[in-house]
K.L.:
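Dropping a structure here in C-alpha cells format, bear with me for questions.
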Amino acid sequence: GASIRIGIAGYGNLGRGVQAAIAKNPDMELVGVFTRRDPATLSLAGGASAFHMDELAKHTDDIDVLILCGGSKTDLPEQGPVLAAKFNTVDSFDTHAKIPEHFAAVDAPATAAGKTALISAGWDPGMFSINRVYGEALVPDGQTYTFWGRGLSQGHSDAIRRVPGVAAGVQYTIPSTEAIAKVRAGERPTLSTREKHVRECFVVLDEGASAETVRESIVTMEHYFDQYDTTVNFIDALTLASEHSSMPHGGFVFRSGNTSDEHAQVIEYSLALGSNPEFTSSVLVAYARAVHKMNKAGQVGAKTVFDVAPGLLSPKSPEQLRAEQL
Ligand SMILES: NC(=O)C1=CN([C@@H]2O[C@H](COP(=O)(O)OP(=O)(O)OC[C@H]3O[C@@H](n4cnc5c(N)ncnc54)[C@H](OP(=O)(O)O)[C@@H]3O)[C@@H](O)[C@H]2O)C=CC1
Ligand SMILES: N[C@@H](C[C@H]1CC(C(=O)O)=NO1)C(=O)O
C-alpha cells in the first residue's frame, strides 16, 4: 500500500536518527524536517526537505505521523500539546516523574482533534517499561531491577545543555557493579536509586560562566540528578568533540521471582546499543507505523507503549505474523 508519510519535528540526534530509520523501512517516506532554526543551516543528508517549524501548519494533509524529536526537559512539554492538536504524533518524553502530567496535556488536544498521540516511546521509557510490566505480570512474586550503562543518556545530556552557562555537554550513566552482582546472584536486594547508578557529566562552559554555579545547578536538578551521586568535569570544546562524540548505551531489565516455593524464575531483557539515538529513533519509527494504524482504526487521544498491540509495530499483516512468528 501507500507509504506512511513521516514528518520530523526537531533536528538533533533523534531527528537525524529518525531520518536514518526511515531509510531502513521501505513502507515509510520522509516528507520533511521541521526546525526552530534556519532550515538552510541544517546539513541534511539524502536531499531531504528542511522547513522552519512555523511551516508545519501547511503540512497537516501530507504528513500521516509527525515524530517529535525535541528534548524532554523543555521542548516536548511545550511542543507536544500544540502539535497533537494538528497531527498524529510520537514522542520519546522521558522525564518519568512527569509522564502522567504530559499524558494529560497531550490527551486533551489529541482527543478533540481526533488524533493519536503516542508519548514516551523509546527504550526507557519504552521497551524497558514494557518488560517491567511483563515481569511483574508474569511473575507476581518477585523483584524487578533496571540497570543502564555505562553509556550516554540523551535525556540527561539534553538537561545539562539547558543549564545557563553550559555551552555543550554530555552525561554518562554508570551502574553499580556490586548491585548488579547481587541481583544476578539471586539475592533480590532492596536498592535505593543512589545505590544503583552514579552519573558523570562532561561540560563545556560558556565564556565567563561560573563552574561552581553550573555544578550546583546540575547536581541538584530535580528528576534528573538530585537522587544520584553526580560528578561534573569541566573540559574544553575540542576535548568534548574528540572524546565524547559517540553515544553508546544499553542496559537490562531483570525480573527475579518464584512461581512456587520450589521454583525460582528469571526474566531478562537486555540492550547493547552502538548508538542510543539511532536505536531510540528506530523504535519511534516502528511506533509511528502503529500510530498510523491506530488512528485509522479510530483509536484517538494519548497512548503509551502499554496501549499498543505488538503486532501493530510490524509492517507484516496479522495473517503473516500468525503464519511466521507465533
Ligand atoms: N525514551 C527513551 O528511551 C529516550 C528518550 N530520549 C529523549 O530524546 C530527547 C532528544 O534527545 P537528542 O536528540 O539527543 O537531543 P538534541 O539536543 O540533539 O536535540 C534536541 C533539540 O535541540 C535542537 N538542536 C539540536 N541540535 C542543535 C544545535 N546544534 N543548536 C541548536 N539547537 C539544536 C533541535 O531542535 P530544532 O531543530 O527545532 O532547533 C532538537 O530537536 C532527549 O531529551 C530525551 O529525553 C533520548 C533517548 C532515549
Ligand atoms: N531516556 C534515556 C534512555 C535510558 C538511559 C537512561 C540513563 O542513562 O539514565 N535512562 O533511560 C536517554 O535519554 O538516553
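Keep in mind that what you see is a predicted model, and the values were worked out from it rather than measured. Both backbone and side-chain heavy atoms feed into the values below; hydrogens, waters and symmetry mates do not. Whatever order the structure lists them in is the order used to number ligands and atoms, beginning at 1. In this chain, residues are counted from 1 in sequence order.
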K.L.:
Considering distance alone, does some N or O of T35 sit under 3.5 Å from an N or O of ligand 1?
P.N.:
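Yes, at least one N or O pair falls under 3.5 Å.
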K.L.:
Give yes or no for whether the N/O distance cutoff of 3.5 Å, strictly under, is met between R16 and ligand 1.
P.N.:
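Such a contact does not occur with ligand 1.
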K.L.:
Any N/O of W123 closer than 3.5 Å to an N/O of ligand 1?
P.N.:
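N/O-N/O distance below 3.5 Å exists for this pair.
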K.L.:
Is N295 reaching over with its side chain to a backbone N or O of G114, donor-acceptor style, under 3.5 angstrom?
P.N.:
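Answer holds: yes.
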K.L.:
Which atoms of ligand 1 have any heavy atom of S72 under 4.0 Å away?
P.N.:
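Once the distances to S72 are compared, the set is 43 (O), 44 (C), 45 (O).
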K.L.:
Within the 4.0 Å heavy-atom shell around S92, which atoms of ligand 1 are there?
P.N.:
1 (N), 5 (C), 6 (N), 7 (C), 8 (O)
K.L.:
Do me a favour and list the nearest non-hydrogen protein atom to atom 48 (C) of ligand 1 with residue, atom name and distance?
P.N.:
T280 OG1, 3.2 Å
K.L.:
Between F34 and ligand 1, is there a nitrogen or oxygen pair with a distance under 3.5 Å?
P.N.:
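No, there is no polar N/O contact under 3.5 Å.
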K.L.:
Output the set of protein residues with a heavy-atom contact under 4.0 Å to ligand 2, ordered first by chain identifier and then by residue number.
P.N.:
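Lining ligand 2 at under 4.0 Å, by heavy atoms, one finds D94, W123, D124, W148, S153, Q154, G155, H156, T173, R199, H249, N276.
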K.L.:
We want to know whether Q171 and R199 form a side-chain donor-acceptor pair, criterion being a heavy-atom distance below 3.5 angstrom.
P.N.:
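Looking only at side-chain atoms, R199 and Q171 do form a donor-acceptor pair, the distance falling under 3.5 Å.
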K.L.:
Note the single closest protein heavy atom to atom 17 (O) of ligand 1, along with its residue, its atom name and the distance in Å.
P.N.:
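Nearest protein contact, heavy atoms only, for atom 17 (O) of ligand 1 is R161 NH2, 2.9 Å.
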K.L.:
Check contact between P277 and ligand 1, using heavy atoms of the residue and a distance below 4.0 angstrom.
P.N.:
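Per 4.0 Å heavy-atom rule, P277 does not contact ligand 1.
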K.L.:
Taking only heavy atoms of N276 into account, list the atoms of ligand 1 that are under 4.0 Å away from them.
P.N.:
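That gives atoms 47 (C), 48 (C) of ligand 1.
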K.L.:
What are the atoms of ligand 1, with element, lying closer than 4.0 Å to any heavy atom of D158?
P.N.:
43 (O)
K.L.:
Specify the protein heavy atom at minimum distance from atom 23 (C) of ligand 1: its residue, its atom name, and the distance to 0.1 Å.
P.N.:
R36 NH2, 3.7 Å
K.L.:
Below 4.0 angstrom from a heavy atom of L14, which ligand 1 atoms are there? Numbered from 1 as shown, please.
P.N.:
8 (O), 13 (O)
K.L.:
If the cut-off is 4.0 Å to any non-hydrogen atom of D75, which atoms of ligand 1 fall inside it?
P.N.:
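That gives atoms 21 (C) of ligand 1.
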K.L.:
List the closest protein heavy-atom neighbour of atom 24 (N) of ligand 1: residue, atom name, distance to the nearest 0.1 Å.
P.N.:
R37 NH2, 3.6 Å
K.L.:
Flag G15 as yes when one of its N or O atoms lies below 3.5 Å from any N or O atom of ligand 1, and as no otherwise.
P.N.:
no
K.L.:
So, S210 versus E212: side-chain donor-acceptor pair below 3.5 Å or not?
P.N.:
no
K.L.:
Specify the protein heavy atom at minimum distance from atom 44 (C) of ligand 1: its residue, its atom name, and the distance to 0.1 Å.
P.N.:
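The closest heavy atom on the protein side is D94 OD2, 3.4 Å.
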K.L.:
Decide whether an N or O pair under 3.5 Å exists between A121 and ligand 1.
P.N.:
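For ligand 1, there is an N or O atom that lies under 3.5 Å from one belonging to A121.
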K.L.:
Consider ligand 1: state whether an atom of it lies below 4.0 angstrom from any non-hydrogen atom of C69.
P.N.:
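Yes, that is the case, since the closest heavy atom of the residue is under 4.0 Å from the ligand.
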K.L.:
State whether a side-chain donor-acceptor pair under 3.5 Å links T144 with E136.
P.N.:
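Per modelled atom types, T144 and E136 side chains form no pair under 3.5 Å.
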K.L.:
With ring centroids as reference points, do H244 and Y172 lie under 6.0 angstrom apart?
P.N.:
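Here the rings of Y172 and H244 have centres that are less than 6.0 Å from each other.
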K.L.:
Minimum heavy-atom separation for F103 and A302, please, with both atom names.
P.N.:
CZ-O, 3.3 Å
